[in-house]
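Have a look at the structure below, then the notes.
All chains are named by letter (A, B, ...) in the order of the sequence lines, taking the proteins before the strands, and each is independently numbered beginning at 1.
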There are 2 protein chains.
Amino acid sequence: MLSKQPVIGIDLGGTKISTALIDSVGRIMARDYRETQAAEGQEAVIERMLDSARRVIAQAEVTQAQVAAVGIGAPGPLDIEAGVLVAPPNLPGWDRVPLKRIIEDALGITTFLENDANAAALGEHRFGAGRGRQHMIYVTVSTGIGGGLILDGKLYHGASGMAGEIGHMTIVPYGPLCGCGNRGCLEALASGTAIARQARERVARGVPTLMADLAAGDPERITAKLVAEAAHQGDAEAREILAEAMNYLGIGMANLVNLFNPELIVIGGGLTNIGELLFGPVRRAIDRRAFRAQAQTVQVVQAKLGKDVGVLGAAAVALAHKP
Amino acid sequence: MLSKQPVIGIDLGGTKISTALIDSVGRIMARDYRETQAAEGQEAVIERMLDSARRVIAQAEVTQAQVAAVGIGAPGPLDIEAGVLVAPPNLPGWDRVPLKRIIEDALGITTFLENDANAAALGEHRFGAGRGRQHMIYVTVSTGIGGGLILDGKLYHGASGMAGEIGHMTIVPYGPLCGCGNRGCLEALASGTAIARQARERVARGVPTLMADLAAGDPERITAKLVAEAAHQGDAEAREILAEAMNYLGIGMANLVNLFNPELIVIGGGLTNIGELLFGPVRRAIDRRAFRAQAQTVQVVQAKLGKDVGVLGAAAVALAHKP
């Protein structure tokens, strides 16, 4: 039997569109997955999103009228109030696209839009590692570092929907240049991109390391995953790069602990695959740098939703709003 | 004519107790001021608080029954839920004192306790520079750096009442030692204490500067106020110290802008007397380091309540809770 009022979550990324129809406890009743093919332009991409939504409705054998709401997780910056994608860097050519209204009109289902990091935070809060928590910070560490803030049980947006730019705290005032234009951002020090850049620089300088072998001598082939593999095999250079980066991540997390006094920090994203090489330094930095009372209050755990965090997060956006 | 339901605010500090009876729009109807004389111990201090409260009640010609609530701003750490002062460094010997219950029992008036920085944030939000704002961060810069967070129109406490430790963000990972035990905290870089320490070090090293003359050659006489005076008279060393410290303050504020996306940052405390030497670098750091959308959303202004922020803040604690 169908659970009443399922919702649809659509995770719109620069390379893929992932869609699912989900019941209110987070069971995926149907899913669809396709490439974004962003180069074909905005109308084609939106058509694919609509097809994908219609597909999961048909698959789950429900009617459009039975779907309570659609939630979309999309790359920022967004105008959340208006439901508009402003100018996402990985969807070239999109300029103030009123995605909420377009999807709503086409499907006849109330639609809500949220940036992907906030959607993921909502997903982990409702279905994953943060269930039942009032004060939870979600951090994703992959090519970039993003996050979302659950404060007093709700997603915190700030004055213009832009709160939670965890990756762009300055950690080293005159540190490496960040994609945002600032120097020494957490993202420029501890993201997968930052780790790979560090490793490439060492290999290019001719530092003896297993990373050079694994990359077959081509620094351009070095990724954070390769660094992790070298570290796993005991390479000292790779271990040092990761230790330094994860110490910076820990400093960022300690700052969040002192500022937000959360009960839980949930860390997701590809880099969490390195396990204790990430969580160890983060916990140590919190113990060393945050106030004792706050440090004792907070748990730091790995995200639980894995690759489904996108669609489940988008669905959680719908569930957070539906009447 | 009396306004209905006045409240009493008591600002308990390590050196003074400041009390006022205040109507609901923040008019001070009576006030009392006395020294804490903390060395005489907790019972004597609490008796002085009670005397002080009774004095403002008598002065304003109201009855205890007409007072809606008492708010106390007190030095942290506190257990806010329980209304307990845990072990404030500037009230030696106080160990888990249930101040809320004691005052409530003695006066027969509902009493609420809040740490002094949070109380000041509530005061500026209700009566001062932050009136009507939904997302406001209050920062006080004096001997230390503290703050309070008004999020979605309410004071944010976090999981255990300890949120808002703005002064203890790490800004320089291996910077100067902070009183909290961490290194490179904002407070260790940009507080009055940090500024005075920098100046003392330069004077002790024999660097030629007006600060040495103003201190009559005794580095121990150097305060942040003296540094500001030397800067005002054009001393290059003093100006450099202030510029560097206020740049760090600005980095801290830029971090808050990216994390909280506030509409307003209100900066109070003694150091704001240096005016544009503080606000200039802070605004420039936000423009340079925060995302444009967030930087354009936020205003940075000086606190309005001046020396009354303590009592008005304590009164705002009462008003925030009263039925």
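- Looking at B:Ile251, the atoms closer than 4.5 Å to chain A (heavy atoms on both sides) all sit in the side chain, from C-beta outward.
- With a 4.5 angstrom heavy-atom cutoff, B:Asp152 touches chain A via backbone and side-chain atoms both.
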**Asked** side-chain contact (heavy atoms from CB on, under 4.5 Å) between B:Phe291 and A:Met162: does it pass, once the steps are laid out?
**Response** CA-CA 9 Å; B:Phe291 278 102; A:Met162 307 278 188; over 6 Å; no
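- Using a 4.5 Å cut-off between heavy atoms, A:Tyr156 contacts chain B through its side chain alone, with no backbone atom that close.
- For the pair A:Thr297 and B:Ala159, the tightest heavy-atom approach, listed with the atom from each and the gap, is CG2-CB, 3.8 Å.
- Considering all non-hydrogen atoms of both residues, B:Arg183 and A:Arg289 come closest at O-NH1, 3.2 Å.
- For the residue pair B:Tyr248 and A:Pro173, the shortest heavy atom distance occurs at CE2-CG, 4.0 Å.
- Residue contact with chain B, scored on non-hydrogen atoms closer than 4.5 Å, is absent for A:Gln134.
- Residues A:Asn182 and B:Asn258 form no side-chain contact, since every pair of their non-hydrogen atoms from C-beta on lies 4.5 Å or further apart.
- Expressed to the nearest 0.5 Å, how far SG of B:Cys180 lies from CZ of A:Arg292 amounts to 12.0 Å.
- Of the possible polar contacts, one joining the B:Asn255 side chain to the A:Thr170 backbone as a donor-acceptor pair under 3.5 Å is found.
- Sparse packing is recorded around CD of B:Glu81, with 12 or fewer heavy atoms of other residues, nucleotides or ligands lying under 6.0 Å away.
- Neither the backbone nor the side chain of A:Leu264 comes within contact range of chain B; no heavy atoms are under 4.5 Å apart.
- For the set A:Val298, A:Val86, A:Ile166, A:Leu151, the entry with the most heavy-atom pairs within less than 4.5 Å of chain B is A:Leu151.
- Across every non-hydrogen atom of B:Leu259 and A:Leu256, the tightest pair is CD2-CD2, 3.8 Å.
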